[in-house]
Amino acid sequence: MPPPADIVKVAIEWPGAFPKLMEIDQKKPLSAIIKEVCEGWSLGNHENFALQIADATNFYITEKYQTAVQLHERIQSSSMDAKLEALKDLANASRDITFAQEFINLDGISLLTQMVESGTERYQKLQKIMKPCFGDLLSFTLTAFVELMDHGIVSWDTFSVAFIKKIASYVNKSAMDTAVLQRSLAILESMVLNSQDLYHKVAQEITIGQLIPHLQGTDQDIQTYTIAVINALFLKAPEEKRQEMAHILAQKQLRSIILSNVIRSPTPVNEEMAHQLYVLQVLNFNLLEDRMMTKMDPQDQAQRDIIFELRRIAFDAECEPNNSGSIEKRKSMYTRDYKKLGFINHVNPAVDFTQIPPGMLALDNMLYFARHHQDAYVRIVLENSSREDKHECPFGRSSIELTKMLCEILKVGELPSENCHDFHPMFFTHDRSFEEFFCTCIQLLNKTWKEMRATSEDFNKVMQVVREQIMRALTLKPNSLDQFKSRLQNLSYTEILKIRQSERMNQEDFQSRPILELREKIQPEIMELIKQQRLNRLCEGTCFRKISSRRRQDKFWYCRLSPNHKVLHYGDLEESPQGEVPHDSLQDKLPVADIKAVITGKDCPHMKEKGALKQNKEVLELAFSVLYESDEYLNFIAPDKHEYCVWTDGLNALLGKEMTSEYTKSDMDTLLSMEMKLRLLDLENIQIPEAPPPIPKEPSNYDFVYDCN
């Protein structure tokens with residue numbers, strides 16, 4: 001009678017002893033098998049032993065290795081059903097980095113790419129009669145591939161043109177399984193972001209025209225992945241090709257398609273879509289960087305003609321023919337007009353545009369305003385030229401400084417932040433949104449100047465007020481430029497003064513000597529309170545997202561401090577937790593006594609690695625590492641700035657170092673202010689109760705409640 005299929009005979013050797021041929025029951029746990037093998041040689045402490053493959057690889061056999069070997073065999077099954085089930089299991093198992101390492105060591109990535117390149121063609125004949133099965137088969141194959149690549153074990157540069165063409169073909173098809181399309185877009189995005197060579201290959205296979213139809217559907221996930229691919233192509237394109245790509249996007253009406261199918265869709269914009277829209281917004285504004293950093297050449301006649309055009313539009317009725325009068329008279333007339341236009345250099349205003357930033361971008365904005373909002377432009381120039389010299393709002397100088405301010409507000413020239421979702425719908429409502437933004441703001445500046453009754457000495461004060469007006473209006477996220485204008489109308493100079501006064505009243509300043517002495521006495525108590533709060537937060541723990549080359553992924557790990565403040569517990573999670581994670585479910589430990597230092601920012605080892613996303617300023621600001629033993633690190637990327645400050649403060653407190661984060665300073669100011677106000681209250685002859693007042697009973701009805709909506 002043949003032995004059961006789960007029983008295999010394996011030759012096992014031990015140094016200094018004869019090899020043994022042993023029967024292994026594959027159903028048993030690996031630990032039980034190792035225990036039996038150790039007992040055969042009378043070896044104790046079987047927990048300290050492992051099985052090792054006696055070949056060139058010398059890999060150690062683990063539970064994950066067994067699973068990897070079995071799945072590697074199963075996905076090559078000739079049975080369609082068995083293959084489908086195996087690929088489904090592989091897609092789930094590939095999230096685990098230990099399994100992924102074992103499967104990749106078995107050349108699993110190559111097997112999957114071969115299945116995509118050639119294996120799928122075998123099943124295309126079955127597609128008509130087994131379409132759902134075919135879609136699932138391909139979907140699970142691509143899912144497993146994406147999960148394995150996300151661990152960063154294999155370089156993206158190793159893939160063939162045939163594989164890229166096959167993935168691109170799934171994106172280019174008009175009707176494709178949603179899951180397959182989603183995975184294909186994710187793969188293309190990662191290829192572009194992680195390899196300049198692959199960027200060129202993908203760019204040859206995918207056109208913007210082929211991606212646009214995916215934005216016109218109703219599936220927000222597909223729309224998100226599509227915009228992510230467009231962003232990746234935009235981000236990695238050589239500088240000389242970005243303007244060309246922007247022109248193609250404008251021709252294909254990408255902005256209006258996104259506005260109607262995504263932003264104004266009945267489905268609310270989710271967090272990931274908001275991030276991709278923000279990235280697209282930043283990349284579009286970064287196209288302005290070249291003009292922003294280009295100085296004007298005072299000898300360039302074409303550039304000087306733009307200034308002449310500004311003069312012609314403003315003073316058209318007053319202009320005399322060029323050949324009339326003497327040269328001196330014309331020069332005098334030009335100087336007078338340039339002064340009315342508000343340039344600093346009245347003789348040669350081209351010199352005003354040699355400052356970078358904003359360089360030539362300011363002149364571009366002025367010309368756009370003069371041509372597209374001619375009435376408003378002429379009114380502003382003539383209105384100011386009729387005022388006294390000291391009360392005129394200099395249009396030229398104001399435009400240059402305003403353009404510089406708008407570039408700072410919109411962070412023109414900076415890379416997109418990894419964790420930001422701050423997109424503004426109004427910038428998707430116009431093809432020339434930055435220029436229109438400028439036109440609205442320059443009119444605001446002129447209006448605020450009049451409200452403040454400003455003089456030339458007040459120029460910087462006016463600019464500060466205008467900046468505050470713009471920032472407060474943007475915070476409200478207007479849906480259109482018209483809505484932005486109406487918000488600005490409500491933020492007049494008088495309103496700004498009221499807001500400032502209200503904020504000042506909440507920030508009383510105590511500067512007398514007795515008050516300062518009291519503050520110094522209270523500060524240590526407050527600092528101890530903040531320290532305890534930070535340590536309590538570390539005890540609660542935080543879920544950290546694993547960041548890799550592809551942003552969208554649900555890989556998490558959790559870290560928390562033990563209640564006695566002596567051990568950091570951490571470990572991987574399958575999904576984002578809903579609350580605290582118990583200590584016993586976190587596999588790894590790090591004694592606080594072993595921690596040598598806390599490292600932040602670009603000095604962290606995981607920020608020194610090469611990668612498209614590691615250059616991001618925002619990620620650098622959220623990165624920190626714990627150095628322990630000699631050169632071992634536990635690397636973190638905080639989910640936000642608040643968690644970054646909490647953890648760096650808490651870890652520094654554990655090491656007996658000063659807590660220096662901006663949140664510590666903010667908490668100190670807030671708590672100190674409250675404590676000072678309490679201690680300075682006039683409480684003479686006032687009985688302070690020891691217990692809080694009781695909570696009143698609920699009313700019998702809520703008829704008095706009025707819904708303002």
Side-chain angles (χ1 to χ4, degrees), residues 285 287-300 302-314 334-335 337-373 376-385 387 389-413 432 434-450 452 454-471:
F285 284 143
L287 294 171
L288 304 169
E289 184 182 12
D290 182 53
R291 295 293 284 175
M292 181 182 77
M293 301 306 292
T294 300
K295 292 182 179 182
M296 185 172 184
D297 181 1
Q299 307 306 318
D300 189 319
Q303 295 179 358
R304 289 170 62 87
D305 286 345
I306 299 176
I307 298 176
F308 293 150
E309 178 72 359
L310 290 173
R311 175 184 173 274
R312 186 196 65 76
I313 295 172
Y334 287 162
T335 301
D337 289 347
Y338 291 148
K339 184 175 183 297
K340 289 181 180 180
L341 280 169
F343 291 112
I344 297 173
N345 191 317
H346 305 152
V347 178
N348 185 8
V351 176
D352 289 12
F353 299 97
T354 56
Q355 173 194 353
I356 56 170
M360 288 296 292
L361 184 60
L363 188 57
D364 295 342
N365 283 340
M366 293 168 71
L367 183 63
Y368 181 91
F369 181 50
R371 285 178 172 172
H372 293 83
H373 299 269
Y377 167 70
V378 172
R379 186 184 70 251
I380 287 175
V381 173
L382 297 182
E383 191 178 86
N384 283 291
S385 62
R387 293 178 186 159
D389 284 353
K390 67 175 184 177
H391 283 289
E392 68 176 356
C393 177
F395 174 74
R397 182 185 176 191
S398 299
S399 297
I400 293 169
E401 290 302 319
L402 179 63
T403 300
K404 183 179 178 182
M405 180 199 295
L406 297 183
C407 289
E408 291 171 357
I409 290 172
L410 298 176
K411 300 181 179 178
V412 174
R432 304 289 294 274
F434 184 80
E435 289 87 346
E436 288 293 326
F437 186 42
F438 168 84
C439 293
T440 300
C441 294
I442 192 67
Q443 294 177 73
L444 167 72
L445 193 154
N446 188 63
K447 172 176 169 286
T448 302
W449 185 282
K450 288 189 290 185
M452 293 178 68
T455 63
S456 54
E457 288 81 11
D458 300 320
F459 185 86
N460 290 333
K461 291 180 182 177
V462 175
M463 294 304 295
Q464 289 172 5
V465 173
V466 170
R467 186 186 189 100
E468 187 173 345
Q469 289 170 314
I470 294 170
M471 293 298 290

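Just so you know, residue 1 is the first one in the sequence shown, and it goes up from there.
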Q.
Under the criterion side-chain contact (heavy atoms from CB on, under 4.5 Å), I'd like the reasoning laid out for Leu310 against Val381: C-alpha separation, chi angles, the key distance, then a yes or no.
A. CA-CA 10 Å; Leu310 290 173; Val381 173; over 6 Å; no
Which residues pass the salt bridge (charged side-chain N to carboxylate O under 4.0 Å, His left out) test with [X], sequence neighbours left out?
X: Arg432; value: Glu435
X: Arg467; value: Glu408
X: Lys447; value: Glu451
X: Glu436; value: none

Could you tell me the separation between the [atom1] atom of [X] and the [atom2] atom of [Y], rounded to the nearest 0.5 Å?
X: Ile409; Y: Phe285; atom1: CD1; atom2: CZ; value: 11.0 Å
X: Ile306; Y: Leu363; atom1: CD1; atom2: CG; value: 4.5 Å
X: Phe434; Y: Thr403; atom1: CZ; atom2: OG1; value: 6.0 Å
X: Leu402; Y: Met366; atom1: CG; atom2: CE; value: 11.0 Å
X: Lys340; Y: His346; atom1: NZ; atom2: NE2; value: 12.5 Å
X: Leu341; Y: Ile307; atom1: CG; atom2: CD1; value: 9.5 Å

Q: Give the intermediate values and the outcome of side-chain contact (heavy atoms from CB on, under 4.5 Å) for residues Asn348 and Arg304.
A: CA-CA 9 Å; Asn348 185 8; Arg304 289 170 62 87; 3.3 Å; yes
Side-chain donor/acceptor of [X] to backbone N/O of [Y], under 3.5 Å:
X: Thr354; Y: Val351; answer: yes
X: Asp352; Y: Asn345; answer: yes
X: Asn365; Y: Ala362; answer: no
X: Gln443; Y: Cys439; answer: yes

Q | Residues forming a ring-ring contact (aromatic ring centres under 6.0 Å, His included) with Tyr338, sequence neighbours excluded | A |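 Not a single residue meets the ring-ring contact (aromatic ring centres under 6.0 Å, His included) criterion with Tyr338.
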**Q.** Test side-chain contact (heavy atoms from CB on, under 4.5 Å) applied to Phe395 and Asn446, step by step
**A.** CA-CA 8 Å; Phe395 174 74; Asn446 188 63; over 6 Å; no
Side chain to side chain, [X] and [Y], heavy atoms closer than 4.5 Å:
X: Met452; Y: Val465; answer: yes
X: Ser398; Y: Cys393; answer: yes
X: Phe459; Y: Glu401; answer: yes

(Q) To check you understand the geometry: which heavy-atom pair defines the closest contact between Ser385 and Glu392, and what is its length? (A)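 For Ser385 versus Glu392, the nearest heavy atoms are CA-OE1, 4.3 Å.
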Q. Taking all non-hydrogen atoms of both residues, which atom of Ala350 and which atom of Pro298 are closest, and how far apart?
A.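 Taking Ala350 first and Pro298 second, the nearest heavy atoms are CB-CA, 3.8 Å.
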Q | Test log, rule side-chain contact (heavy atoms from CB on, under 4.5 Å), inputs Tyr368 and Tyr377 | A | CA-CA 10 Å; Tyr368 181 91; Tyr377 167 70; over 6 Å; no
Q | Of all pairs that satisfy side-chain hydrogen bond (donor to acceptor under 3.5 Å, both in side chains), the ones with a partner from residues 289-299, not counting sequence neighbours | A |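 Listed once each, the pairs are Arg291-Asp364.
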